[in-house]
Amino acid sequence: QVQLVEAGGGLVQAGDSLRLSCTASGRTFRTYSMGWFRQTPGKEREFVATINWSGSTTYYADSVKGRFTISRSNAKNTVYLQMNSLKPEDTAVYYCAADLSNSLTEVAAVYDYWGQGTQVTVSS
């Protein structure tokens, strides 16, 4: 079992930065990869970024590449999403997720555990 708790969402203006964090408990954190997804009302959950168990490999959605950075601290059982140059279209509920198979996938259905989500709102 893995429990995930996100933090760091809020209301910012376009061009601002925000850092989300997701702290895990339960199964040993360094044994699985992590991902960030986002969702807006009426739409499917959208892949944002993923990172492998050691932090050495990352993948991003094209929409956030160059603006967002995913990282992790295995010592703190935490994964981060640094979001820079935020745009109104980044507004969504952001979720972290744990992938016990270490697939480094953008497919939401592969992820085994999910956090409760944190709202990010970017005003123009």
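One is the number of the first residue; the rest follow in order along the sequence. Quick caveat, the model's predicted, so the values are computed rather than measured.
- Sorted by first and then second residue, the disulfide bond (SG atoms under 2.5 Å apart) pairs involving residues 66-95 (not counting sequence neighbours) form an empty list.
- Counting only residues at least two apart or in different chains, ring-ring contact (aromatic ring centres under 6.0 Å, His included) contacts with residues 76-104 are absent.
- Arg72 CZ to Thr58 OG1: the interatomic distance, rounded to the nearest 0.5 Å, is 12.0 Å.
- Under the side-chain hydrogen bond (donor to acceptor under 3.5 Å, both in side chains) criterion, Ser17 pairs with Asn84, not counting sequence neighbours.
- Pairs passing the salt bridge (charged side-chain N to carboxylate O under 4.0 Å, His left out) check and including a residue from residues 89-111, sequence neighbours excluded, read Arg38-Asp90, Arg67-Asp90.
- Atom-to-atom distance recorded for Leu104:CG and Met34:CE is 12.0 Å, nearest 0.5 angstrom.
- Glu44 is linked by a side chain to side chain contact (heavy atoms under 4.5 Å, CB included) to nothing, counting only residues two or more places apart in sequence or in another chain.
- Considering only residues two or more places apart in sequence or on other chains, Thr121 meets the side-chain hydrogen bond (donor to acceptor under 3.5 Å, both in side chains) condition with Gln119.
- The CD atom of Glu6 sits 5.0 Å away from the SG atom of Cys22 when rounded to the nearest 0.5 Å.
- Applying the side chain to side chain contact (heavy atoms under 4.5 Å, CB included) rule to Ala7 yields the partners Ser21; only residues at least two apart in sequence or on another chain are considered.
- A donor-acceptor pair shorter than 3.5 Å cannot be found between the side chains of Gln82 and Arg19.
- Contacts classified as ring-ring contact (aromatic ring centres under 6.0 Å, His included) and involving residues 7-55 (residues at least two apart or in different chains) are given here: Phe29-Tyr32, Phe37-Phe47, Phe37-Tyr111, Phe37-Trp114.
- With sequence neighbours left out, the salt bridge (charged side-chain N to carboxylate O under 4.0 Å, His left out) criterion links Lys43 to no other residue.
- With sequence neighbours left out, Ser124 forms a side chain to side chain contact (heavy atoms under 4.5 Å, CB included) with Pro88.
- Screening residues 20-29 for salt bridge (charged side-chain N to carboxylate O under 4.0 Å, His left out) gives no qualifying pairs among residues at least two apart or on separate chains.
- Contacts of Thr23 classified as side chain to side chain contact (heavy atoms under 4.5 Å, CB included), with partners at least two apart in sequence or in another chain: Thr78.
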